[in-house]
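So the structure is just underneath, and the comments pick up after that.
In the text below, chain A, chain B and the rest are named by the order of the sequence lines, each starting its count at 1. This is a predicted model, so every value here is computed, not measured.
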Amino acid sequence: MALLPRSARPRRRGRDTTGARLWTWLMLPGTLWMTAFLIASLLLVAVLAVGTTDALGNPRFGFDLGSVRALADPAYTEVLARSLGYAVLTCVICLLIAYPVAYTIALHGGRYKHALIAAIVVPFFANYLVRMYGWSVVLSDDGPLLRALRAVGLADDHTKILNTGVGVVAGLVYGFVVFMIIPLYAALERLDVSLIEAGRDLYGGPVRTFFFVTLPATRQGAAAGLVLVFLPAMGDFVSAQLMGGPDQIMIGNLIQDKFFQGQNWPLGSALTMLLMLVLLVGMFGYLRRTRKDEAEATR
Amino acid sequence: MTLLRPTSAAAPARPAVRGRSRSRRGRAERRPRLLIAVTALFFALLYLPIAVVTLFSFNSKKSLTVFGGFSLRWYRAFVHDDVLLSSLGTSLRISLVAMAGSVLLGVALALGLVRSRTRLGSLAGLVMLVPLITPEIVTGVASMLLFKGLGITLSTGTVMLAEITFSISYVTVILRSRVAALNPEVEEAAMDLGATRWQAVRLVTLPALLPAVLASAVLIFALVFDDFVLAYFTTGVDPQPLSVRIYSAIRFGVQPTINAVGTLMLAGSIGLIALALFIPRLFGRRGGLDILSGE
């Protein structure tokens, strides 16, 4: 730019204003589309949550807190508590699995690390239902996993995974563990290995070095992973359907039921808003955490 | 996808890390046996379900636990299953339309978002992120309510509209960083040579973005084809997309044909993802952006 003769500048500035108009025109169709189909539809859910149904079960707009009040019903709070419990447990288990895997690949993967990460990411893009279905076959009562566990004496004939809460969490972990591995891997990749060496030089044992150097340096990756796993785990209804029994349903199954079997759309909308609220609280906590981290880093 | 970025972003760091690992080995550090064992176990469990589905798709028996011998029985059953075949056709149509629509809107949007400095631009940038942080069940419910509210009967068409809406975000996210990496001075040079702003975009910017556009198109095709939740909420009665059909099949008892369909879908999506990762290589190592990026 600086190489251009000064006389060229005013002419170009004149063009830039027409250019700015082009960028707006390019942006407009997509933005309008998203506003019409996404923002409008999300607002509709919020509006219907305070609506009612007529005698035939058709949804009616209005202002009625009946559906919102119904959420306090113990039948629903129990499901919400279970969903929260399963989602949090899924996050913790994913972290415990993903950390060693990401660590091994990032720091000891050598020239295979790109291939290994690709080997984790690629099956994740394969059909979610087919993967979950395969996982439910693996976990079934006479499936390969329980047979192997029985052979080494870790399980007996009565041990079940499918149709229990363990099965649901196992399904959620299998479905979303990749979301934890990727940000952790990215954080560990960026980790300055000389920090670990410095820890060792200062006579920190491997455990102390890990807890005082490696873990704090990668906590942002872990935080991102926790959000990325919590979000879909909380909204999932396939895992509870395939791996849990009727007494293991999560809030996603409840929403699905209200829209398809129960035909109570206002209540379904109220449940959907409740789910969004829980997730927004989680997101807010994450944003506050990362902002605090950034503020400390720049100080 | 953002998920794929670390792999490529890590590339320049490679020699340095290799050097470091040599110096670490110089300190006679033990190989972390436990960590490697955990990772191996993880990989085994990651691939076990996929292996089981693939293996039992070639089973001669109906069982999902006993392998009776190799046969193509379930693939033959699939080829003669008109319901599943029409679902496959529906899924292919939906994916193609969603791919075309979302790439057109998404590329334009990405260009506009990066280059525009207006308030509308930053607002549109925020709207773009909404689908990425909203669970699919919420967007599914919301889309369904919108269509029903507008009095539109749910059908293949409504699935297409919903899939386009949520694919735009992906296209935009993938392309934004690519557009940002382009050097705007090349566009300006084209304009100094007499091109209009639009000609500069069409003749200079878009060709430079082509590898990334193709890669994102392939990715969207695969994602939409495999999508279940959104399709489930926005589809009508007949003919339902393949993943919705699979969902009702696996809910109501074991049907070995699903293993065959599942295996084909796994192979298809893995192939497409590999293609999406490979496309930029076809245009040279750095996605053909070397000429234009300021680096």
Can you tell which part of Val227(A) gets under 4.5 Å to a heavy atom of chain B, answering side chain, backbone, both or neither? neither
Spacing of CE belonging to Met276(A) relative to OG1 belonging to Thr134(B), to within rounding of 0.5 Å: 4.5 Å
Least distance between heavy atoms, Thr39(B) atom then Pro100(A) atom: OG1-O, 4.0 Å
Apply ring-ring contact (aromatic ring centres under 6.0 Å, His included) to Tyr47(B) and list each qualifying residue two or more places apart in sequence or on a separate chain. none
Could you give the distance from CG (Leu129(A)) to CE (Met265(B)), rounded to the nearest 0.5 Å? 8.0 Å
Among Ile168(B), Leu123(B), Thr165(B), Val141(B), which residue has the highest count of heavy-atom pairs closer than 4.5 Å to chain A? Thr165(B)
Considering only heavy atoms and a distance below 4.5 Å, find which of Val201(B), Ile258(B), Ile164(B) pairs most often with chain A. Ile164(B)
Using side-chain heavy atoms (C-beta onward) and a distance below 4.5 Å, is Trp23(A) in contact with Val114(B)? no
Test side-chain contact (heavy atoms from CB on, under 4.5 Å) applied to Val38(B) and Thr104(A), step by step: CA-CA 9 Å; Val38(B) 170; Thr104(A) 311; over 6 Å; no
Checking heavy atoms, do the side chain of Tyr247(B), its backbone, both or neither come under 4.5 Å from chain A? both
Pick one of side chain, backbone, both or neither for Ala119(A), based on which atoms fall under 4.5 Å of a heavy atom in chain B. both
Between Ile246(B), Thr196(B), Thr54(B), Leu113(B), which residue shows the highest count of heavy-atom pairs closer than 4.5 Å to chain A? Leu113(B)
What's the separation between atom CG in Leu145(B) and atom OG in Ser41(A), rounded to the nearest 0.5 Å? 8.5 Å
Among Phe259(A), Phe37(A), Trp33(A), the residue with the most heavy-atom pairs under 4.5 Å to chain B is Trp33(A)
Which distance, rounded to the nearest 0.5 Å, do you find between the CG of Leu44(A) and the NZ of Lys148(B)? 12.5 Å
Between Leu150(B) and chain A, which part of the residue has a heavy atom less than 4.5 Å away: side chain, backbone, both or neither? neither
Please work out whether the ring planes of Phe237(A) and Phe233(B) are parallel, tilted or perpendicular, with thresholds of 30° and 60°. perpendicular
Measuring from atom OG of Ser63(B) to atom CG of Asp142(A), what distance do you get when rounded to the nearest 0.5 angstrom? 7.5 Å
Leading residue by heavy atom contact count with chain B [cutoff under 4.5 Å; candidates Leu279(A), Ile120(A), Leu242(A), Ile97(A)]: Ile120(A)
Choice from Val229(B), Leu45(B), Ile36(B), Ile50(B) maximising heavy atom contacts with chain A below 4.5 Å: Leu45(B)
Please state whether the side chain, the backbone, both or neither of Leu111(B) comes within less than 4.5 Å of a heavy atom of chain A. both
With only heavy atoms counted, which part of Glu136(B) is less than 4.5 Å from chain A, the side chain, the backbone, both or neither? neither
Is Ser136(A) close to chain B through its backbone or its side chain, or both, or neither, when contacts mean heavy atoms under 4.5 Å? neither
Nearest heavy-atom neighbours spanning Met34(A) and Pro131(B): CE-CG, 3.8 Å
Using side-chain heavy atoms (C-beta onward) and a distance below 4.5 Å, is Asp227(B) in contact with Tyr128(A)? no
Which pair of non-hydrogen atoms, one from Leu266(B) and one from Ala126(A), has the smallest distance, and what is that distance? CD2-CB, 3.2 Å
Taking the side chain as every heavy atom from C-beta outward, state whether Leu26(A) and Leu109(B) have any pair of such atoms under 4.5 Å apart. no
Under 4.5 Å heavy-atom distance to chain B, tell me which part of Arg147(A) shows up: side chain, backbone, both or neither. side chain
What pair of heavy atoms forms the shortest contact from Gly134(A) to Pro49(B), and how long is it? C-CB, 3.5 Å
Looking at side-chain heavy atoms only, is the closest gap between Leu38(A) and Val130(B) below 4.5 Å? yes
Looking only at Leu104(B), Thr172(B), Leu34(B), Val127(B), most heavy-atom pairs under 4.5 Å shared with chain A are made by Val127(B)
With a 4.5 angstrom heavy-atom cut-off, is it the side chain or the backbone of Val261(B) that approaches chain A, or both, or neither? neither
Check the pair Tyr232(B), Phe260(A) against ring pair (Phe, Tyr, Trp, His ring centres under 6.0 Å), reporting the backbone distance first and the verdict last. CA-CA 11 Å; Tyr232(B) 176 69; Phe260(A) 287 99; 4.9 Å; yes
Non-hydrogen atoms of chain B under 4.5 Å away: do they reach the side chain of Leu139(A), the backbone, both or neither? neither
Considering only heavy atoms, which portion of Pro232(A) lies under 4.5 Å from any heavy atom of chain B: side chain, backbone, both, or neither? neither
Picking from Ile255(A), Val45(A), Thr272(A), what satisfies side-chain contact (heavy atoms from CB on, under 4.5 Å) with Val138(B)? Thr272(A)
Is Leu161(B) close to chain A through its backbone or its side chain, or both, or neither, when contacts mean heavy atoms under 4.5 Å? both
Under 4.5 Å from a heavy atom of chain A, the part of Phe166(B) involved: side chain
Ser243(B) and Asn127(A): side-chain contact (heavy atoms from CB on, under 4.5 Å), yes or no, with the steps? CA-CA 8 Å; Ser243(B) 57; Asn127(A) 189 280; 4.0 Å; yes
For Leu275(A) and Pro135(B), the nearest pair of non-hydrogen atoms, with its separation, is CD2-CG, 4.5 Å
Is chain A contacted by the side chain of Leu41(B), its backbone, both, or neither, given a heavy-atom distance below 4.5 Å? neither
Considering non-hydrogen atoms only, spot the tightest contact between Ala36(A) and Leu146(B) and give its length. O-CD2, 3.6 Å
Between Phe125(A) and Ile270(B), is any pair of side-chain heavy atoms under 4.5 Å apart? no
Pick one of side chain, backbone, both or neither for Phe56(B), based on which atoms fall under 4.5 Å of a heavy atom in chain A. neither
Shorter than 4.5 Å, heavy atoms on both sides: which option in Gly252(A), Gly235(A), Pro123(A), Gly143(A) has the most such pairs with chain B? Pro123(A)
Leu55(B) portion near chain A, given a 4.5 angstrom heavy-atom threshold: neither
Toward chain B, the part of Ile105(A) with a non-hydrogen atom under 4.5 Å: side chain
So, the part of Ser269(B) with a heavy atom under 4.5 Å from chain A: the answer is side chain
Any Met132(A) side-chain heavy atom under 4.5 Å of Phe228(B) side chain: no
Val53(B) and Val137(A), any side-chain heavy atoms less than 4.5 Å apart: no
Find out whether His108(A) and Pro32(B) are in side-chain contact, i.e. whether some heavy atom of one side chain is under 4.5 Å from a heavy atom of the other. yes
Val52(B) versus chain A, heavy atoms under 4.5 Å apart: side chain, backbone, both or neither? side chain
Look up atom CD1 in Ile133(B) and atom CE in Met283(A), then write down how far apart they are to the nearest 0.5 Å. 4.5 Å
Counting only non-hydrogen atoms closer than 4.5 Å, does Ile181(A) touch chain B with its backbone (N, CA, C, O), its side chain (CB onward), both, or neither? side chain
